[in-house]
Amino acid sequence: MARHSVQLLRLNPSSSFFQFQLAHAHMLKSGLKADTHLAAEILSFYAAHVRFPDVVALVLSLTDTDTLSFSSLLSSLSRSPIPSLAVSLFPRMLSVKPPLDPFALPSALKACASLPSLVNGQKLHALAVVSGASNDTFVCSSLLHFYLKCGVQAEAQKVFDRMPNPSVVAYSAVIADAAARGSVSGAKKLLSKMQESGVEPNLVTWNGVIAGFSRSGHPHEAVSMVQRMLLEGCRLDSIGVSTALPAAGDIGDLWVGLQIHGYAIKCGFEADHCIVSALIDMYGKCQVIDGMIRVFDEVGNMDVGSCNALLTGLARNGFVDEALMRFGRFKEQEIELNVVSWTSIVACCAQNGKDVKAMELFREMQSCGVRPNSVTIPCLLPACANIVALMHGRSAHCFSLRSGLTFDVYVSSALIDMYAKCGRIRDARTVFDLMPMRNVVTWNAMLGGYAMHGRAKDAIDLFTLMEGSKQKPDSISFTCILSSCSQAGLKDEGRRFFLEMEREYGIAARMEHYACMVSLLSRSGKLDEAYRFIGEMPFYPDACVWGALLSACRVHGNVQLGEIAAKNLFKLEPHNAGNYVLLSNIYASKGLWDGVDKVRDEMKSLGMKKNPGCSWIEIKNKVHILLAGDSSHTKMEQIVERLDHLGDEMKKRGYQPSTDLALQDVEEQDKEQMLCGHSEKLAVALGLISTSPGTPLRVIKNLRICGDCHAVIKFISEFERREILVRDINRFHLLKDGKCSCGDYW
DNA sequence: GTAGGGTTAG
């Protein structure tokens, strides 16, 4: 087709999309040398109609692109939702003569930064150097931004250092980056240096440093920066307002928050979606529920961001049902809920004991077509871990693998924790070993897993590995290793770690470290030493410390120290019935029934009831709950029958029930009956009758496993040839062939 | 026609 026939198409801005496509098609088919005028017309049409892929297709099809303005093309493509399209034009851009339009580089770098694509950006950097453009202010600040975005701070620093007179933009970028890395002094020094060299910070500088401090956990610094910018004559713009509000919320200073709110109203910023969300968030963090709801209700059109902020604010303040109710209403109103909305509601449930609901919502979000991301998974997994829903946890693992989320440290750390808490310590270790990057949370999850499982040797080996790695142990790592030593009765090792913590790592011992040491000493029989240790603490011991001593007194039958520990606990935790029960058990084990009576009377007069024992067991993807002495389960008759049968078998083998563990002073036979009703035994029996022979069982209990149940389940593991895993409040017991992984030391 | 800053989920 001849050129004139194309022109016959008479393109003008009001031509239809079809006409433009037709012209494009003719150009391709006729193999015409580019008619730059026509091409430019088609290009601008495509760009104006957000048809960016068509733009690229057209440019790539042109044979003569000499006079094409790559800088304007790249500029619009780099700001498009698909910046990779800009990158796809690079080869063509480099082949034209003259090779480089000086205005094209910054846009091209912007595209590389937003992807981000380190390799392509580095090529552009090289090109800038070769073509002598590397001293250009625009090119330098683009390079700076690109390297910071790719996380290559050293390169960014080099670019900055080579700038003879850094611009405001360059200063702003490095200052914001220092602030975001949490370097308060670094950011402030740069700010001073900038002002000394005669460059005044502008709104972007201030907003950047405020956002950096706020996100890096320095909200006080962020707020003081707001005050400083005001003193220096800068006023907050709408972006500044939405940046400053989360910081005000984080320091919980309602007065600051109210002032910013008032200012926002004065400026007429109330309609800004980001500001509305930030306001709701601020009121939520300051626990001003009515303020939060008022802001939400006053916005005319519903924005997902403000809905999400409201859900989080409600959850944060314990209004879980209200959050669920609102969430349901948002769905009915057909608000386009996004991944943040779903993650918020999953987190809300998981953090407030609604574990099953959290898992249901996780499934629902997927069926609504919303893809969970690297934040959703760590929010969900603790719910699976809590109720040992291994199948659900595993399916979240599969999802993460398929979506490439396991590379995220938070996802994998949460997986380690989930597997460990579901009794799959080896799976936890596999996840750990496969991780390309680990942070302190990862190491602690694995160490904590070993501690829970009583695998002291593995914990010590891993701890040694950690000491030799780049990641140094923190206070929590030491809690894990001390707890491992305490579980296994490794007195000398525990002492060594305790000393090493302060001497070599400069970590001051906290309450939980003392509690571990007290537990370590007292449970290995050194009760007096443990008591002396408490006396030498640099601060007042809390309930965990006394609790460790009290439970060791029960194991060793030490009445005198038990009474001292209990007396302190009654003062610290007047409403915790568990402490009364423990003391009573100590008396009962020594046949001191007067003491038992006294404790029972005291409990009665204080209106206290024993916390009921409760166990969970997952059978075929369904979680069953069993309460001590509760006969409401539909299969209770069969459960009791099975336990009776097992009891007979045990008696035949000379087994004696350990009756000293029952709370009350009752007839021997009744005591035996009561022990039968413990929830962990009921759960195990339910597992036995509901699964095929040989299936391993996993049970969780809300309290410490009772000594009699421990003995009975050990027997069951051998008699029924079952591997039974019991997770109690403190640790795991893996019962197999009549033996327990805890070595009867717990 | 070229560079920089915002809310809500861990």
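Naming convention: chains lettered A, B, ... in sequence-line order (proteins, then strands); numbering from 1 in each chain.
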Do A/Asn352 side-chain atoms and A/Gly318 backbone N/O form a donor-acceptor pair below 3.5 Å? no

Assign A/Gly305 to base, sugar-phosphate, or nothing according to its heavy-atom contacts below 4.0 angstrom with the strands shown. base

Less than 4.0 angstrom between a side-chain N/O of A/Arg316 and OP1 or OP2 of B/dT8, yes or no? no

Would you tabulate the side-chain donor-acceptor contacts of residues 161-168 of chain A under 3.5 Å, counting partners in other chains and residues two or more places apart, or write 'none'?
unit_1   : atom_1 : unit_2   : atom_2 : d
A/Asp161 : OD1    : A/Gln157 : NE2    : 3.2
A/Ser167 : OG     : A/Ala170 : N      : 3.2

Within the side chain of A/Ser78, is there an N or O that forms a donor-acceptor pair under 3.5 Å with the backbone of A/Pro83? no

Strictly below 4.0 Å, heavy-atom distances to any atom of DNA chain B: list the hits from residues 259-269 of chain A, or just say none. none

List in chain and number order the residues that pass side chain to side chain donor-acceptor pair (under 3.5 Å) with A/His397, two or more places apart in sequence or in another chain; answer none if no residue qualifies. A/Tyr419

Side chain A/Arg329, main chain A/Met325, donor-acceptor under 3.5 Å: no

Give a yes or no on whether the backbone of A/Val409 and the side-chain of A/Ser413 come within a donor-acceptor separation of less than 3.5 Å. yes

Contacts of type salt bridge (charged side-chain N to carboxylate O under 4.0 Å, His left out), residue A/Glu364, not counting sequence neighbours: A/Lys331

State whether the side chain of A/Ser197 and the backbone N or O of A/Met194 hold a donor-acceptor pair below 3.5 Å, judged by distance alone. yes

Of the options B/dA9, B/dG6, B/dG1, whose atoms approach the side-chain atoms of A/Phe103 most closely? B/dG1

Only pairs at least two apart or in different chains count here, so list each ring-ring contact (aromatic ring centres under 6.0 Å, His included) that has a residue in residues 126-166 of chain A. A/His125-A/Tyr147, A/Phe160-A/Tyr171

Please check the phosphate of B/dG4 (OP1 and OP2 only) for any side-chain N or O of A/Lys110 closer than 4.0 Å. yes

What contact category does A/Thr376 fall into here, base, sugar-phosphate, or nothing, at under 4.0 angstrom with non-hydrogen atoms? nothing

Under a 4.0 Å heavy-atom cut-off, which of residues 354-370 of chain A touch DNA chain B? none

Any idea which of B/dG6, B/dT2, B/dA9 is nearest the A/Val340 side chain? B/dA9

With sequence neighbours left out, what residues match A/Thr205 under side chain to side chain donor-acceptor pair (under 3.5 Å)? A/Ser172, A/Asn202

Tell me which pairs pass salt bridge (charged side-chain N to carboxylate O under 4.0 Å, His left out) where either residue lies in residues 135-155 of chain A, with sequence neighbours left out. A/Glu155-A/Lys158

Determine yes or no for a side-chain-to-main-chain donor-acceptor pair under 3.5 angstrom, with A/Asn317 supplying the side chain and A/Gly313 the backbone. yes

Checking contacts here: which listed nucleotide (B/dA3, B/dG6, B/dA9) is nearest the side-chain heavy atoms of A/Val375? B/dA9

For A/Leu203, report the nucleic acid contact type (base, sugar-phosphate, nothing); a contact means any heavy atom under 4.0 Å. base

For a quick check of understanding: with a heavy-atom distance under 4.0 Å over all strands, which category does A/Ser306 fall into, base, sugar-phosphate or nothing? nothing

Have a look at A/Asp408 and say if it touches a base, only the backbone sugar-phosphate, or nothing, with a 4.0 Å heavy-atom cut-off. base

Holding to side-chain contact (heavy atoms from CB on, under 4.5 Å), I want the full list of residues that pass it with A/Ser374, two or more places apart in sequence or in another chain. A/Leu405, A/Asp408, A/Val411

To the side chain of A/Asp136, which of B/dT2, B/dG6, B/dA3 is closest? B/dT2

So if I take every side-chain heavy atom of A/Val204 and compare against B/dG4, B/dG6, B/dT2, which nucleotide ends up nearest? B/dG4

Contact list please: residues 341-348 of chain A against DNA chain B, heavy atoms, distance less than 4.0 Å, in numerical order. A/Thr343, A/Ser344

Can you check whether A/Ala179's main-chain N or O pairs, donor with acceptor, with A/Ser216's side chain at less than 3.5 Å? yes

Which parts of residues 270-277 of chain A get close to DNA chain B, meaning a heavy atom less than 4.0 angstrom away? A/Asp272, A/Cys274, A/Ile275, A/Ser277

Donor-acceptor pair under 3.5 Å: do we get one between A/Ser242's side chain and the base of B/dG6? yes

With heavy atoms under 4.0 Å as the rule, sort A/Asp303 into base, sugar-phosphate or nothing. nothing

Any N/O donor-acceptor pair, A/Ser142 side-chain to B/dA3 base, under 3.5 Å: no

Which residue pairs pass the ring-ring contact (aromatic ring centres under 6.0 Å, His included) test with at least one member in residues 345-379 of chain A, sequence neighbours excluded? none

